[in-house]
J.: 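Would you mind keeping the following structure in view while I ask a few things?
Below, chains carry the letters A, B, ... as their sequence lines are ordered, and counting in each starts from 1. Given the structure is predicted, the values throughout are model-derived calculations rather than measurements. Side-chain atoms are counted along with the backbone in the values below, which use heavy atoms only and exclude waters and symmetry mates.
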Amino acid sequence: MLDLNFVRANLELVEEKLRARGADPAALLGDFRALDKSRREAITSSEQLKARRNELSNQFAMGMRAGSPSSARKLSEMPTMDRIRAVGEKAVDFSKSPEGLRLIEETRLLKEKLDQLDQTAAALDEQLRLSLARIPNLTRDEVPVGKSEADNVTVKTWGKVPAFAFTPKPHWELGESLGILDLERAAKISGARFAVYMGAGARLERALISFMLDLHTSKHGYTEILPPFMVNSKSLFGTGQLPKFADDLFRCSDADAEAVARGEFKDNDHWLIPTAEVPVTNLYRDEILDDSSLPIRLTAYTPCFRAEAGAAGKDTRGIIRQHQFQKVELVKFTRPEDSDAEHEGLTRDAEEILEALGLPYRRVLLCTGDTGFSSAKTYDLEVWLPGQSLYREISSCSNFEAFQARRANIRYRPTAQGAKAKPEFVHTLNGSGLAVGRTWLAILENYQQADGSVLIPEALRPYVGGLDRIVRQS
RNA sequence: GGAGAGAUGGCCGAGCGGCUGAAGGCGGCGGUUUGCUAAACCGUUAUAGGGUCAAAAGCUCUAUCGGGGGUUCGAAUCCCCCUCUCUCCGCCA
């Protein structure tokens, strides 16, 4: 979410940034000015009435105290004689006096007006909040302007694309013929876009998870987290999946998509996580972090569940696009001034997994049109897939700046300069390190041999019990 | 699932119908003292949204004691609903 004050003061800039994304500023910001203005007017007049109400209430309290000491002091604290007198005074209670009755009447009238005004103010506030919640993050200036992934810019390329003396096969052929991947039975038990891994295939998937977590925790300084795989809608709002992307999510029977569309986010409904980013980033929702604890670097393995509503017919072969896939995620919380460097570092941490596994890849800086809703800047890592002769996304590393922190209310208290430091929003970042399923298939395609077997990368062998090659299983 | 107890500021913890945004303590910050450190003492220390202001500071108003609703002239305090935490019982991987 963008800062309301910032949008108000920089409306032209916001419009320009939205256009760069290919969004329609008029549709998103349309009546922003008018809405903002009437919201503030409603708040102002409501607060004036409230000030008057409090004033009347004070007058009443003073009247009670002057007219009837019994109300000013606790009976139990009075000497006996005062107590007897105080009880007698109830007959001349201030609340029954003409002045008291006048105050009560004015307050009552005031309340009627106030109830109405407050309703208007709340409705306007809600409208503004909701429209703000649907505006994507502003991309940074160094993000290239472009419409689609065709306009992304390759920043670097690593590794040698392997040359084969034979025609390399796609992973679905390799997986089936090796007997380690069964898509037909997966379709039977769960439907399309699911996979069953068997034998060395299952072992390889598990090995990759451990390998990635180990590298990130021991070498890159991340703390391992194992979060819930279901979250509530408040969390999904916090990281930006809701309200806009409800269709991409699987939700449980207690989750109400229509309520979400109205801008109601609950803490007692359940949705399957589309990425570990959601539970891990929301770990610190509504908290004020200690300055000295930053940056916080967390890594988590989770399955990820995606409805893939808009992807009908896309990537139907193999396991590129699944309703459930495994992923090791990297998440950071940083001071604003550090997020840029931490973003570079996080991307490097993901790249090192690819390098350790000897998988050729390139790093791509996403253009404005391809950058995700919540992100200010995103690098994609794309792994080379010889079976299909193309680079395919295997990691996406984003700096969200304060966008998610503002939605999730994650702050820290700066201690610099000794001045009275007000809490500020942290910057959040995350990236895949890596998508395990796609790493699995990249290994199959890159390490396939003429005889149809697949070599296991050196670094991974300790994780598969020393196995150096996957051969056909019976 | 059943019974009970609880949720208060960065943290702990009082308050249980009226100048209570909230005692006290801890922590933080500033200062005094001190050869340095420590200790002691004094002061200060919530967040958000409005208004004022060119802007900031300041001043001012409003809201906030788990969330929502109600009673009342007035609610942290009384009532109802919900969520979460803890204890006991039941069930369960």
Side-chain angles (χ1 to χ4, degrees), chain A residues 1 3-10 35-77 86 90 93-115 117-122 124-126 128-129 132 228 231-235 254-256 259 264-270 282 284-294 405-426:
Chain A
M1 195 155 58
D3 179 43
L4 179 60
N5 291 316
F6 180 87
V7 176
R8 188 183 296 142
N10 301 280
L35 204 56
D36 181 50
K37 188 160 172 277
S38 36
R39 169 183 165 271
R40 281 194 287 171
E41 280 167 1
I43 287 174
T44 304
S45 37
S46 157
E47 288 187 345
Q48 277 166 357
L49 290 188
K50 278 176 187 159
R52 175 65 183 156
R53 184 192 63 189
N54 290 345
E55 195 181 306
L56 291 175
S57 179
N58 261 338
Q59 279 178 28
F60 197 92
M62 287 198 294
M64 289 292 279
R65 208 167 302 125
S68 163
S70 62
S71 301
R73 279 192 289 164
K74 285 186 179 153
L75 281 175
S76 58
E77 288 167 359
K90 289 229 156 133
D93 201 330
F94 176 77
S95 64
K96 304 251 166 31
S97 71
E99 178 63 4
L101 290 171
R102 195 190 65 74
L103 288 175
I104 290 173
E105 179 61 11
E106 188 179 344
T107 310
R108 206 178 50 76
L109 291 173
L110 201 67
K111 205 171 157 187
E112 279 173 23
K113 253 191 273 180
L114 194 57
D115 281 348
L117 204 55
D118 264 347
Q119 260 179 20
T120 319
L124 286 168
D125 191 67
E126 193 57 26
L128 194 70
R129 210 179 57 85
L132 211 56
V231 292
N232 56 37
S233 45
K234 259 190 194 164
S235 294
D254 57 3
D256 181 350
E264 294 165 25
F265 306 103
K266 301 200 281 185
D267 55 13
N268 61 344
D269 54 355
H270 301 86
N282 279 281
Y284 298 118
R285 172 149 54 84
D286 294 320
E287 291 193 31
I288 299 174
L289 301 170
D290 205 52
D291 185 50
S292 60
S293 69
L294 299 177
R406 202 172 284 116
R407 292 170 84 100
N409 192 28
I410 306 169
R411 295 172 295 175
Y412 80 108
R413 196 179 294 280
T415 54
Q417 299 132 14
K420 288 179 215 165
K422 287 202 158 199
E424 274 179 45
F425 291 113
V426 298

J.: Could you measure between the two P atoms, the one in B:G30 and the one in B:G24, and give it in whole Å?
T.: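 Those two atoms are separated by 22 Å.
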J.: Rounding to a whole Å, what distance do you find between A:E424:CD and B:U47:P?
T.: 12 Å
J.: For B:A5, which nucleotide is its Watson-Crick or G-U wobble mate, given both distances must be under 3.5 Å?
T.: B:U85
J.: Taking atom C1' of B:G67 as reference, at what distance in whole Å does atom CG of A:D269 sit?
T.: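 Atom CG in A:D269 sits about 14 Å away from atom C1' in B:G67.
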J.: Rounded to whole angstrom, note down the C1' distance from B:U45 over to B:G6.
T.: 29 Å
J.: OP1 or OP2 of B:G50 less than 4.0 angstrom from a side-chain nitrogen or oxygen of A:R8, does that happen here?
T.: yes
J.: May I ask you to evaluate whether A:R406 reaches the phosphate of B:A48, defined as a side-chain N or O under 4.0 Å from OP1 or OP2?
T.: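 Result: no.
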J.: Would you tell me if any nitrogen or oxygen in the side chain of A:N54 comes within less than 4.0 Å of OP1 or OP2 on B:A63?
T.: yes
J.: In the strands shown, is B:G35 matched to any nucleotide by a Watson-Crick or G-U wobble pair with both distances under 3.5 Å, and which?
T.: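 Its partner: none found.
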J.: Between B:C11 and B:C65, how far apart are the two C1' atoms, rounded to whole Å?
T.: 15 Å
J.: Taking the C1' atom of each, how far is B:C81 from B:G74, in whole Å?
T.: 24 Å
J.: Report the nucleotide, chosen from B:U83, B:C73, B:G51, that has the shortest atom-to-atom distance to any side-chain atom of A:I104.
T.: B:C73
J.: Give the rounded distance in Å between these two atoms: CD1 of A:I410 and P of B:G10.
T.: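 In whole Å, B:G10 P and A:I410 CD1 are 16 Å from each other.
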J.: Taking the P atom of each, how far is B:A48 from B:A57, in whole Å?
T.: 12 Å
J.: Among A:E264, A:R285, A:K266, find the residue that satisfies the side chain to side chain contact (heavy atoms under 4.5 Å, CB included) test when tested with A:K234.
T.: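 The residue from A:E264, A:R285, A:K266 that satisfies side chain to side chain contact (heavy atoms under 4.5 Å, CB included) with A:K234 turns out to be A:R285.
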J.: OP1 or OP2 of B:G74 sitting under 4.0 Å from any side-chain N/O of A:K111?
T.: yes
J.: What's A:R411 touching, base or sugar-phosphate or nothing? Going by heavy atoms closer than 4.0 Å.
T.: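 It contacts sugar-phosphate atoms only.
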J.: Of the candidate nucleotides B:C73, B:G49, B:U47, which contains the atom at the shortest distance from the side chain of A:P423?
T.: B:U47
J.: Side chain of A:A51 only, heavy atoms from C-beta on: which candidate in B:C61, B:A63, B:G18 is closest?
T.: B:C61
J.: Is B:G43 paired to anything, Watson-Crick or G-U wobble with both distances less than 3.5 Å, and if yes, which nucleotide?
T.: B:C29
J.: In whole angstrom, what separates A:F6's CZ from B:G49's C1'?
T.: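 Computing the A:F6:CZ to B:G49:C1' distance gives 20 Å.
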J.: Judged by each residue's nearest nucleotide on RNA chain B, which is more toward the 5′ side, A:I288 or A:L103?
T.: A:I288
J.: Start with the C-alpha gap between A:D256 and A:D269, add the side-chain angles, then the distance that decides, and say whether side chain to side chain contact (heavy atoms under 4.5 Å, CB included) holds.
T.: CA-CA 8 Å; A:D256 181 350; A:D269 54 355; over 6 Å; no
J.: Heavy-atom count around A:E99 CD within 6.0 Å, excluding the residue itself: above 12?
T.: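 Yes.
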J.: Is there a Watson-Crick or G-U wobble partner for B:G74 with both distances under 3.5 Å, and if so, which one is it?
T.: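 In the structure as shown, B:G74 has no Watson-Crick or wobble partner.
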J.: I want to check one thing: is the phosphate of B:G49, taken as OP1 and OP2, less than 4.0 Å away from some side-chain N or O of A:R40?
T.: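 Checking A:R40 against B:G49: no side-chain N or O falls below 4.0 Å of OP1 or OP2.
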J.: If we take the C1' atom in both B:G67 and B:G28, what is their distance in whole Å?
T.: 30 Å
J.: At less than 4.0 Å, is any side-chain N or O atom of A:R108 found next to OP1 or OP2 of B:G74? Yes or no.
T.: no
J.: Tell me: CG of A:N232 to P of B:G67, nearest whole Å?
T.: 16 Å
J.: Compare the minimum distances between each of B:U47, B:G50, B:G18 and the side chain of A:I43, then state the nucleotide with the smallest one.
T.: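 Looking only at side-chain atoms, A:I43 lies closest to B:G50.
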J.: Could you check which of B:A63, B:C82, B:G18 has an atom nearest any side-chain atom of A:R53?
T.: B:A63
J.: Side chain of A:R413 only, heavy atoms from C-beta on: which candidate in B:G18, B:U47, B:C61 is closest?
T.: B:U47
J.: Report the residue (A:N58 or A:D3) whose heavy-atom-nearest nucleotide on RNA chain B is the more 5′ of the two.
T.: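 This one resolves to A:N58.
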J.: A:R39 has a side chain; which of B:C73, B:U47, B:G50 sits nearest to it?
T.: B:G50
